[in-house]
Amino acid sequence: MKAFYFIRTPLQYINSIELKNGKYSEVEKSTLVLLCDYKQSLIQFKQIVNSDDWDEIVYLWASFSKMSNYSILNLLLVFFRKRRLDKIIDKVQPSDIVVWGNLSSNWCHYYLKKNNTNNPVTIVDDGFATINLIDKINKSVSLLYYKGFINKMEHFILKPKRKIKFNELSFFSVFKIKNSDLSIELNNYSFWKSKNKTKSIVKKVYFIGQPLVFQNILSKEQYSSLLNNIFLFYSKQGYKCYYLPHRSCVLNYLDPNWEVIKNELPIEFLMMNSINEIPSIFATFYSTAVYNLSRLFDQNDTSFHYWNIDDHELFMNYSKNVFNYLELNPLERQQIYLTSRLN
């Protein structure tokens with residue numbers, strides 16, 4: 001029996017390693033298939049993927065990295081991506097284990113259309129996207145995204161499976177999902193926790209950023225102003241504040257007085273491999289990284305803060321499922337703040 005892991009993001013990879021070293025640790029051969037041609041993610045993968053962990057590693061679309069920046073070429077690349085993926089799919093046998101990292105992608109639904117394994121396909125988390133995914137499942141809404149030129153072209157070319165039978169799937173998730181129709185195994189990060197060493201906790205705040213400007217949720221001015229007010233809130237309590245930007249963010253609108261920690265690695269990986277210390281507070285608007293860190297460091301005296309921009313309608317629309325989940329499933333040392341109360 002072999003196992004195939006179809007992964008697109010570093011966070012999916014972290015969750016897959018947990019699965020590989022736990023439930024599927026006895027599999028004869030494990031193949032990692034990286035479905036990624038985004039340059040920044042490829043840089044991260046090169047740093048975090050350990051060849052000793054896998055029997056085979058396939059950077060399936062890495063050679064398309066430069067071409068994927070151009071819309072017209074991206075259309076042609078869908079055919080080439082499909083062709084390469086088909087060659088991998090043809091190797092999957094009925095007894096094999098298959099893991100995917102994003103159930104909402106056209107590519108995953110394309111695989112499910114061709115799936116010939118007798119085992120349920122395991123879906124690992126891709127952050128808080130899982131919360132939105134389960135919300136769609138509960139509401140019987142389509143899981144696929146139809147917005148955007150590339151999504152539409154992928155859908156037209158791949159003709160992905162529209163109707164999924166959920167007995168074809170199992171979920172491996174850090175979230176406490178309530179749905180009796182789904183097969184769900186809770187990811188407690190047992191493997192990653194076993195790698196954690198005792199670290200000293202220092203009076204610092206690491207604020208983990210998000211691409212809210214890039215997504216046109218906030219303006220540059222709004223984002224900068226909110227962070228200045230949040231940092232002032234912590235500074236008055238004697239904390240030294242640091243900003244950790246999302247890898248997709250342009251930093252030209254950040255306050256020059258901020259202490260910025262730029263790093264190519266996912267913050268979860270960075271903190272797990274931190275030799276000496278971790279901050280006493282991890283803060284964010286609603287980055288998944290803070291939730292994952294609260295699971296990875298649940299034995300430490302570290303706090304985890306979320307800042308809800310409660311007077312901004314667009315932000316609320318994007319984040320409502322996340323904050324609903326956090327309020328209904330609070331973790332120890334978790335706090336939710338409202339930015340409207342900073343004024």
Side-chain angles (χ1 to χ4, degrees), residues 1-36 41 44-60 85 88-103 108 111-112 115-127 129-130 166-177 182-198 265-274 288-289 291-300:
M1 181 172 63
K2 304 186 297 296
F4 293 84
Y5 293 77
F6 295 90
I7 301 302
R8 194 159 191 170
T9 69
L11 178 55
Q12 294 170 16
Y13 177 77
I14 289 172
N15 291 324
S16 295
I17 284 286
E18 183 70 36
L19 190 60
K20 177 185 176 297
N21 285 280
K23 185 176 181 179
Y24 298 142
S25 59
E26 302 300 320
V27 171
E28 296 170 8
K29 179 182 179 182
S30 296
T31 298
L32 175 66
V33 183
L34 293 168
L35 303 173
C36 176
S41 292
Q44 289 188 323
F45 278 129
K46 292 290 185 181
Q47 294 183 71
I48 67 176
V49 173
N50 186 342
S51 59
D52 294 337
D53 290 335
W54 304 92
D55 299 292
E56 182 182 17
I57 300 172
V58 183
Y59 285 85
L60 196 65
L85 181 58
I88 300 294
I89 293 174
D90 289 342
K91 296 179 181 180
V92 178
Q93 300 299 311
S95 61
D96 291 340
I97 299 294
V98 174
V99 177
W100 272 83
N102 185 357
L103 184 57
C108 181
Y111 173 83
L112 291 171
N115 179 36
N116 64 349
T117 180
N118 295 326
N119 297 307
V121 174
T122 302
I123 306 298
V124 296
D125 281 333
D126 191 24
T130 299
F166 291 109
N167 60 2
E168 300 175 1
L169 306 173
S170 66
F171 291 82
F172 184 64
S173 177
V174 298
F175 302 107
K176 296 176 182 178
I177 300 167
L182 302 178
S183 172
I184 302 164
E185 181 178 350
L186 186 64
N187 175 6
N188 288 313
Y189 282 131
S190 300
F191 172 75
W192 285 115
K193 284 179 185 176
S194 71
K195 299 291 184 182
N196 276 341
K197 297 179 181 179
T198 302
L265 298 176
I267 182 63
E268 298 94 330
F269 201 83
L270 177 66
M271 290 297 102
M272 285 188 288
N273 289 279
S274 172
T288 306
Y291 188 85
N292 290 335
L293 289 164
S294 69
R295 301 300 303 274
L296 287 163
F297 295 100
D298 56 0
Q299 301 303 312
N300 297 73

Basic-acidic side-chain contact under 4.0 Å: D96, K2
yes
Rounding to 0.5 Å, atoms OG1 (T130) and CG (N187) come to a distance of 10.5 Å
By ring pair (Phe, Tyr, Trp, His ring centres under 6.0 Å), which residues pair with Y59, not counting sequence neighbours?
none
Roughly how far, to the nearest 0.5 Å, is the CD1 atom of I48 from the CD atom of E268?
9.5 Å
Give me the atom names and distance for the closest heavy-atom approach of G127 to T288.
CA-CG2, 3.1 Å
Indicate yes or no: at least one non-hydrogen side-chain atom of M272 is less than 4.5 angstrom from one of L296.
yes
Using modelled atom types and a 3.5 Å cut-off, is there a donor and acceptor pairing between side-chain atoms of R8 and backbone atoms of L35?
yes
L34 vs L60, test: side chain to side chain contact (heavy atoms under 4.5 Å, CB included). Steps then yes/no.
CA-CA 6 Å; L34 293 168; L60 196 65; over 6 Å; no
Would you give the length of the straight line joining atom CG of L103 to atom SG of C108, rounded to the nearest 0.5 angstrom?
5.0 Å
Could you tell me whether K20 sits above the aromatic face of W54, with NZ or CZ closer than 6.0 angstrom to the six-membered ring centre and within 45 degrees of the axis?
yes
Apply the test side chain to side chain contact (heavy atoms under 4.5 Å, CB included) to residues N15 and Y189: give CA-CA distance (whole Å), side-chain angles for both, the deciding distance (0.1 Å), then the verdict.
CA-CA 8 Å; N15 291 324; Y189 282 131; 2.6 Å; yes
Is there side-chain contact between F6 and I88, with heavy atoms separated by less than 4.5 Å?
yes
I'd like to know if the side chain of E185 and the backbone of F172 have a donor-acceptor N/O pair within less than 3.5 Å.
no
Given side chain to side chain contact (heavy atoms under 4.5 Å, CB included), test I57 with T31 step by step and report yes or no.
CA-CA 6 Å; I57 300 172; T31 298; over 6 Å; no
D125 and S173 side chains, donor-acceptor separation under 3.5 Å
yes
Are T117 and Q93 close enough, and set up right, to give a side chain to side chain contact (heavy atoms under 4.5 Å, CB included), and what steps lead you there?
CA-CA 6 Å; T117 180; Q93 300 299 311; over 6 Å; no
Would you name the heavy atoms of D126 and G101 that are closest together and state the gap between them?
CB-O, 3.6 Å
If you take all heavy atoms of S95 and N119, which pair is closest and at what distance?
O-ND2, 3.1 Å
Do P10 and Q44 come within less than 4.5 Å of each other through their side chains, counting heavy atoms only?
yes
Are side-chain heavy atoms of S183 and F171 found at a separation under 4.5 Å?
no
Just so I know, are the side chains of N292 and V174 near enough to count as touching, which here means a heavy-atom distance under 4.5 Å?
yes
Taking all non-hydrogen atoms of both residues, which atom of S16 and which atom of V99 are closest, and how far apart?
OG-CG1, 4.3 Å
Value rounded to 0.5 Å, distance of CD in Q47 from CZ in F269
9.0 Å
Do you know the tightest heavy-atom contact between I267 and A289?
CG2-CB, 3.1 Å
Under 3.5 Å: donor-acceptor pair, side chain of T122, backbone of S170
no
Where D55 and E28 come nearest, the two heavy atoms and their spacing
OD2-O, 3.8 Å
Give, for atom CD1 of I177 and atom CD1 of I184, the distance between the pair rounded to the nearest 0.5 Å.
4.5 Å
L169 and W100, any side-chain heavy atoms less than 4.5 Å apart:
no
Side-chain (N50) to main-chain (D52) donor-acceptor, under 3.5 angstrom
yes
Within the side chain of K91, is there an N or O that forms a donor-acceptor pair under 3.5 Å with the backbone of F4?
no
Counting distance only, does the side-chain N/O of E18 pair as donor-acceptor with the main-chain N or O of W192 below 3.5 Å?
yes
Find out whether Q12 and N102 are in side-chain contact, i.e. whether some heavy atom of one side chain is under 4.5 Å from a heavy atom of the other.
yes
Could you tell me if the ring centre of Y5 sits under 6.0 Å from that of Y13?
no
Could you grab the distance from atom NZ of K23 to atom OG of S190, nearest 0.5 Å is fine?
13.5 Å
